[in-house]
Amino acid sequence: MTSLGNSPNIFWHECLSGSGKSTLACSLGRELHSRGKLSYILDGDNLRHGLNKDLGSKAEDRAENIRRVGEVAKLFSDAGLICIANLISPYRKDRDACRAMLEDGSFVEVFMNMPLEVCEQRDAKGLYKLARAGKIKGFTEIDDLYEPPLKSEIELKLENGICATPSAMAGQVASYLENQGFLHYQ
């Protein structure tokens with residue numbers, strides 16, 4: 001527990017493009033704020049315009065992207081903030097390396113297990129269409145590997161073919177965090 005009243009942790013949202021991770025991250029950030037918790041969202045799209053603008057989509061660039069985000073997330077956590085890392089991290093070994101940077105229990109992997117078809121239907125940016133047309137190379141789950149988590153702490157998925165609302169998913173994540181003691185003051 002820090003002087004900010006937070007149990008410093010990193011919540012790593014892991015999923016495909018179009019799965020709803022940014023919407024969930026914003027909803028979770030609002031939920032944490034309503035509980036008096038200070039958090040910060042590290043969004044993959046925003047990081048690609050600054051910190052990681054020198055990286056492409058090759059496997060080694062993706063690994064470096066995840067490493068950098070992990071290091072920044074650790075700094076936020078060290079400062080006592082709850083960090084929500086919101087990005088596509090397709091390779092298990094890279095996520096595991098970020099988990100290894102932290103004390104046990106401080107890295108909470110949130111797997112948004114949404115079917116590729118659902119992600120493509122939600123694709124507001126048109127990225128899947130471009131990838132399928134060959135205009136984007138190395139796109140996760142189209143022409144590059146995606147390794148789903150083996151043991152995520154939280155898995156969000158469709159229930160009876162229906163996706164929960166962002167606020168309901170944020171509530172699920174917040175309930176898990178509450179039950180695990182991450183949101184308690186000492």
Practice item. Taking the side chain as every heavy atom from C-beta outward, state whether Pro148 and Asn113 have any pair of such atoms under 4.5 Å apart. Key: no
Review point. What distance do Tyr128 atom OH and Glu117 atom CD have between them, rounded to the nearest 0.5 Å?
Key: 10.0 Å
Point to revise | Pairs flagged by salt bridge (charged side-chain N to carboxylate O under 4.0 Å, His left out) wherever residues 151-167 is involved - sequence neighbours left out | key: Arg99-Glu153
Check your understanding: Which residues satisfy the ring pair (Phe, Tyr, Trp, His ring centres under 6.0 Å) test with Phe111, sequence neighbours excluded?
Key -> none
Review point. Would Leu102 end up clustered with Leu38 when hydrophobic side chains under 4.5 Å apart are linked, directly or stepwise?
Key: yes
Review point. Under the side-chain contact (heavy atoms from CB on, under 4.5 Å) criterion, do Ile66 and Cys98 qualify, and how do the steps go?
Key: CA-CA 8 Å; Ile66 299 308; Cys98 289; 3.6 Å; yes
**Study point:** Shortest non-hydrogen separation from Asp61 to Gly56 and the atoms involved
**Key:** OD2-N, 2.8 Å
Check your understanding: Does some side-chain heavy atom of Leu87 sit less than 4.5 Å from a side-chain heavy atom of Asn65?
Key -> yes
Revision key, fill the gap. Here the gap from Phe107 atom CZ to Lys74 atom NZ, rounded to the nearest 0.5 Å, amounts to 13.5 Å
Point to revise | Close side-chain approach of Leu24 and Gln172, heavy atoms under 4.5 Å | key: no
Review point. Would a distance-only check, ignoring hydrogens and angles, find a side-chain to backbone donor-acceptor pair under 3.5 Å from Ser175 to Gly171?
Key: yes
Check your understanding: What pairs meet the ring pair (Phe, Tyr, Trp, His ring centres under 6.0 Å) rule with one or both residues in residues 148-179, with sequence neighbours excluded?
Key -> none
Study note, to complete from the structure: Paired with Trp12, the side-chain contact (heavy atoms from CB on, under 4.5 Å) test is passed by just one of Val69, Leu42, Asn86, namely Val69
Exercise for review: List for me each residue that meets side chain to side chain contact (heavy atoms under 4.5 Å, CB included) alongside Ala63, sequence neighbours excluded, and say none if there are none.
Suggested key: Asp94
**Study point:** Residues forming a side chain to side chain contact (heavy atoms under 4.5 Å, CB included) with Leu130, sequence neighbours excluded
**Key:** Lys135, Ile136
Exercise for review: Check whether any side-chain heavy atom of Ser17 sits under 4.5 Å from a side-chain heavy atom of Ile88, and report yes or no.
Suggested key: yes
**Study point:** Inter-residue atom distance Asp96.CG - Met101.CE, 0.5 Å rounding
**Key:** 11.5 Å
Point to revise | Gap separating the CG atom of Asn52 from the CZ atom of Arg62, nearest 0.5 angstrom | key: 12.5 Å
Review point. Could you state the interatomic distance from CD1 (Ile82) to OG (Ser106), rounded to the nearest 0.5 Å?
Key: 11.5 Å
**Study point:** Pairwise ring pair (Phe, Tyr, Trp, His ring centres under 6.0 Å) hits with a residue in residues 28-54, at least two apart
**Key:** Tyr40-Phe76
Review point. How long is the span from the CG atom in Leu177 to the NZ atom in Lys37, to the nearest 0.5 Å?
Key: 10.5 Å
**Study point:** CA sep, side-chain torsions, deciding dist, call: Asp45, Lys125, side-chain contact (heavy atoms from CB on, under 4.5 Å)
**Key:** CA-CA 12 Å; Asp45 287 342; Lys125 299 175 194 170; 2.5 Å; yes
Study note, to complete from the structure: Sorted by chain and residue number, the ring pair (Phe, Tyr, Trp, His ring centres under 6.0 Å) partners of Tyr91 (sequence neighbours excluded) come out as none
Check your understanding: With hydrophobic residues grouped by side-chain heavy-atom distances under 4.5 Å, do Leu55 and Leu47 end up in a single group?
Key -> no
Return a table of donor-acceptor pairs under 3.5 angstrom between the side chains of residues 25-32 and protein atoms on other chains or two or more places apart.
residue: Ser27; atom: OG; partner: Thr23; partner atom: O; Å: 3.1
residue: Ser27; atom: OG; partner: Arg30; partner atom: NH2; Å: 3.3
residue: Glu31; atom: OE2; partner: Arg35; partner atom: NE; Å: 2.8
residue: Glu31; atom: OE2; partner: Arg35; partner atom: NH2; Å: 3.1

Review point. For Arg68, which residues count as a salt bridge (charged side-chain N to carboxylate O under 4.0 Å, His left out) partner, sequence neighbours excluded?
Key: Asp54, Glu64
Practice item. Please identify each residue that fulfils side chain to side chain contact (heavy atoms under 4.5 Å, CB included) with Arg132, with sequence neighbours left out. Key: Leu116, Glu120, Ile142
Review point. In terms of hydrophobic clustering (I, L, V, M, F, W, Y; side-chain heavy atoms under 4.5 Å; direct or indirect links), are Ile41 and Leu156 co-clustered?
Key: yes
**Study point:** Test item: Cys163 and Met114 side chains (from C-beta on) under 4.5 Å apart, heavy atoms
**Key:** yes
Practice item. Please list, chain by chain and in numerical order, all residues satisfying salt bridge (charged side-chain N to carboxylate O under 4.0 Å, His left out) with Arg95, sequence neighbours excluded. Key: Glu14, Glu109
Point to revise | Donor-acceptor pair between Ser22 and Asp43 side chains, under 3.5 angstrom | key: yes
Revision key, fill the gap. Side chain to side chain contact (heavy atoms under 4.5 Å, CB included) filter on Lys137, not counting sequence neighbours, yields Asp143
